[in-house]
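Working notes, structure below.
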Amino acid sequence: MNIRFDGVTVAVTGGGHGFGRVMARDFARLGARVFTCDLSAEELAGTAAGTTIQTEAFDLTAPGAARGWIGRVEAASAGPVGVLVANAGGVRGQVMHPVDEVPEEDWHALFDINLHACFNLCAAAAKGMKAAGRGRIVTISSGAGLQRSLTGIQAYCSAKHGLVGLTRQLSHELGPYGITVNSVAPGFVPSNPSSVAQFESYGEEGQKRLLQNIALRRLGEAQDIANAALFLASDQAKWISGQVLSVDGGK
Ligand SMILES: NC(=O)c1ccc[n+]([C@@H]2O[C@H](COP(=O)([O-])OP(=O)(O)OC[C@H]3O[C@@H](n4cnc5c(N)ncnc54)[C@H](O)[C@@H]3O)[C@@H](O)[C@H]2O)c1
């Protein structure tokens with residue numbers, strides 16, 4: 001199977017770090033014209049180093065930011081987005097609090113990045129994709145979008161469940177226009193400071209237990225997640241839509 005993205009405009013969010021960085025660099029290596037965004041210009045520069053990846057640093061949850069960025073990507077590439085990977089998200093440094101102690105703003109902050117920004121990105125990209133009669137949308141949800149979250153964070157679990165729902169709903173709405181919409185649901189990957197801290201907090205015994213519950217007996221790597229996203233974004237996945245692909249070493 002020879003996956004290529006020559007001439008395709010690819011927009012990946014959260015490309016400064018973790019999964020998004022690996023995806024952006026892989027898409028570029030496979031011929032795509034890649035655009036990525038994140039909060040930190042410095043991290044984005046690390047992603048773009050030695051490539052043609054175009055980057056922009058801003059907060060996707062700011063009013064109008066997600067839709068505005070898609071507009072700028074379309075203008076810069078003089079055409080629609082071919083592939084959108086809505087990857088930016090996470091727990092934003094939050095930790096679990098009992099439900100009766102969760103500050104309301106913490107709840108909203110996780111919905112803003114893990115669900116609302118993804119909706120705005122999809123809505124903005126869908127317009128051009130519909131006109132083109134083709135497109136690929138890949139959301140990065142989580143095992144926490146399918147069951148309880150190991151983080152214990154109510155908003156993270158709820159927002160990722162919402163993202164899975166959005167993915168399924170949009171696959172039906174956009175399918176008639178030749179657009180596929182799928183999600184990758186990663187398992188535990190120590191790819192960001194929060195997931196590293198979470199793994200460390202389990203201690204030796206807890207870490208052993210976690211690994212024993214993974215069929216392949218190892219934690220994931222960013223590359224495992226990127227491989228799945230690139231497949232779903234490729235021509236080879238053209239008759240796959242509305243699916244949530246768990247990439248978690250087997251549960
Ligand atoms: N690592 C895991 O174990 C795991 C498991 C399941 C799901 N996920 C999901 O995978 C995605 C990527 O995770 P990762 O491990 O690569 O994390 P990461 O923190 O390395 O990457 C996420 C990127 O999104 C960016 N981002 C966050 N909020 C943003 C905002 N408001 N505006 C712009 N950019 C913003 C961050 O700065 C970061 O660079 C996230 O959606 C996360 O929820 C991760």
Side-chain angles (χ1 to χ4, degrees), residues 11-26 35-48 55-70 84-94 106 108-121 138-151 153 155-164 166-167 183-202 210 214 218-229 244-249 251:
V12 181
T13 63
H17 202 266
F19 307 163
R21 172 177 282 191
V22 178
M23 287 179 210
R25 293 183 66 90
D26 279 359
F35 295 79
T36 190
C37 62
D38 209 308
L39 293 169
S40 156
E42 202 183 323
E43 293 210 311
L44 284 168
T47 299
T55 66
E56 197 179 319
F58 64 94
D59 183 346
L60 272 166
T61 66
R67 291 175 190 248
W69 181 63
I70 293 294
L84 166 66
V85 185
N87 163 74
V91 300
R92 307 298 317 271
Q94 291 187 27
D106 284 8
H108 287 294
L110 293 195
F111 267 79
D112 285 347
I113 186 58
N114 289 291
L115 184 55
H116 301 157
C118 298
F119 171 74
N120 284 320
L121 290 160
V138 181
T139 64
I140 306 300
S141 55
S142 174
L146 299 167
Q147 56 190 13
R148 80 185 173 94
S149 174
L150 291 179
T151 66
I153 301 172
Y156 183 67
C157 184
S158 306
K160 290 297 194 185
H161 273 70
L163 186 56
V164 166
L166 178 67
T167 303
S183 193
V184 175
F188 199 93
V189 185
S191 50
N192 63 69
S194 294
S195 58
V196 169
Q198 192 184 335
F199 188 63
E200 282 168 359
S201 75
Y202 293 152
L210 179 77
I214 299 174
R218 71 163 173 87
L219 298 179
E221 295 167 2
Q223 189 69 57
D224 295 316
I225 310 307
N227 291 346
V244 183
L245 178 56
S246 291
V247 181
D248 59 6
K251 287 282 165 62

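When a ligand or atom number is given, it counts from 1 through the structure's own listing order. Along the sequence shown, residues are numbered consecutively beginning with 1.
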Taking the side chain as every heavy atom from C-beta outward, state whether [X] and [Y] have any pair of such atoms under 4.5 Å apart.
X    : Y    : result
I214 : D248 : no
I140 : V85  : yes
N114 : V91  : no
Y156 : Q94  : no
L60  : L39  : no
W69  : R67  : no

- Rounding to 0.5 Å, atoms CD (Q198) and CG (L210) come to a distance of 8.5 Å
- OG-CD1 distance between S191 and I225, expressed to the nearest 0.5 angstrom: 8.0 Å
- Report the C-alpha separation of S141 and S183 in whole Å, then their side-chain angles, then the decisive distance to 0.1 Å, and conclude whether the side-chain hydrogen bond (donor to acceptor under 3.5 Å, both in side chains) test is met. CA-CA 6 Å; S141 55; S183 193; 2.8 Å; yes
Sub-4.0 Å heavy-atom contact, [X] with ligand 1:
X    : value
K160 : yes
S141 : yes
A185 : no

For ligand 1, which atoms, with element, lie under 4.0 Å from some heavy atom of [X]?
X    : answer
F188 : 3 (O)
I140 : 10 (O), 11 (C), 41 (O)
G18  : 16 (O), 20 (O)

Among all protein heavy atoms, pick out the one at the shortest distance from [atom]; state its residue, atom name and that distance to 0.1 Å.
atom                    : answer
atom 20 (O) of ligand 1 : H17 ND1, 2.6 Å
atom 15 (O) of ligand 1 : S191 OG, 2.6 Å
atom 5 (C) of ligand 1  : G187 O, 3.2 Å
atom 17 (O) of ligand 1 : N192 ND2, 3.3 Å

Could you check which of [options] puts a non-hydrogen atom nearest to [atom]?
atom                    : options              : result
atom 11 (C) of ligand 1 : L219, L60, N87, T47  : N87
atom 42 (C) of ligand 1 : F19, F58, Y156       : Y156
atom 2 (C) of ligand 1  : V189, V91, L150, T61 : V189
atom 22 (C) of ligand 1 : A62, A57, G89        : G89
atom 37 (O) of ligand 1 : D38, V22, D248, L39  : D38

- When you check the gap from the basic side-chain N to the acidic O, do D224 and R218 get nearer than 4.0 Å? yes
- Query: Quick check: does D59 get an N/O under 3.5 Å from an N/O on ligand 1?
  - Reply: yes
- Give a yes-or-no answer on whether the side chains of S40 and D38 include a donor-acceptor pair shorter than 3.5 Å. no
- Between I113 and ligand 1, which part of the residue brings a heavy atom under 4.0 Å of the ligand: side chain, backbone, both or neither? side chain
